[in-house]
Amino acid sequence: MRVEFIVHTNESYLDYMYKRDVAHDEYEVKRIFDSGTAELLFPPDIYFLDMKKARDNQIAWFRAQIESC
């Protein structure tokens, strides 16, 4: 386990929360799919998931959540 502390200015915090393609929620989705973790957790030969489509859908869902606030 790793503990991470981030010190922000007002501007950097807003970027961290809301900036398109950089917001933390979008970053987490990209990290889990781009690292290959999603394919390890949901093997294609068992789940028959299109990981590219799942990644794009998750990013779009989080972006919609961010922009609806």
Problem - ILVMFWY clustering at 4.5 Å (side-chain atoms), partners of F5 - result: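 Under the 4.5 Å side-chain rule, F5 groups with V3.
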Got [X] and [Y] here, is their nearest side-chain heavy-atom distance under 4.5 Å?
| X | Y | answer |
| --- | --- | --- |
| E67 | R20 | yes |
| V22 | Y27 | no |
| F33 | Q58 | yes |
| F42 | M51 | yes |

How many angstroms lie between atom [atom1] of [X] and atom [atom2] of [Y], to the nearest 0.5 angstrom?
| X | Y | atom1 | atom2 | value |
| --- | --- | --- | --- | --- |
| D15 | N10 | CG | CG | 11.5 Å |
| I66 | H24 | CD1 | NE2 | 10.5 Å |
| W61 | D56 | CH2 | CG | 16.0 Å |
| Y18 | D25 | OH | CG | 10.0 Å |
| R55 | I32 | CZ | CD1 | 12.0 Å |

Practice task
Of all the heavy-atom pairs spanning P44 and E39, show the shortest one and how long it is.
Solution key: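 Result for this residue pair: CD-O, 4.1 Å.
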Handout entry: Non-hydrogen atoms of D21 and R63 that approach each other most closely
Key =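 In this case the closest contact between D21 and R63 is N-NH2, 4.3 Å.
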Problem - Residues that Y13 engages under ring-ring contact (aromatic ring centres under 6.0 Å, His included), provided they are two or more places apart - result: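 Partners of Y13 under the ring-ring contact (aromatic ring centres under 6.0 Å, His included) test: H8.
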Exercise for the section: Treat each ILVMFWY residue as a node, draw an edge where side-chain heavy atoms are under 4.5 Å apart, and state whether I46 and L40 are in one component. Expected result: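 Unlinked, I46 and L40 end up in two clusters.
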Exercise for the section: Step through the shown structure and confirm whether more than 12 heavy atoms of other residues, nucleotides or ligands are within 6.0 Å of NZ on K30. Expected result: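 For K30, atom NZ is crowded (more than 12 foreign heavy atoms under 6.0 Å).
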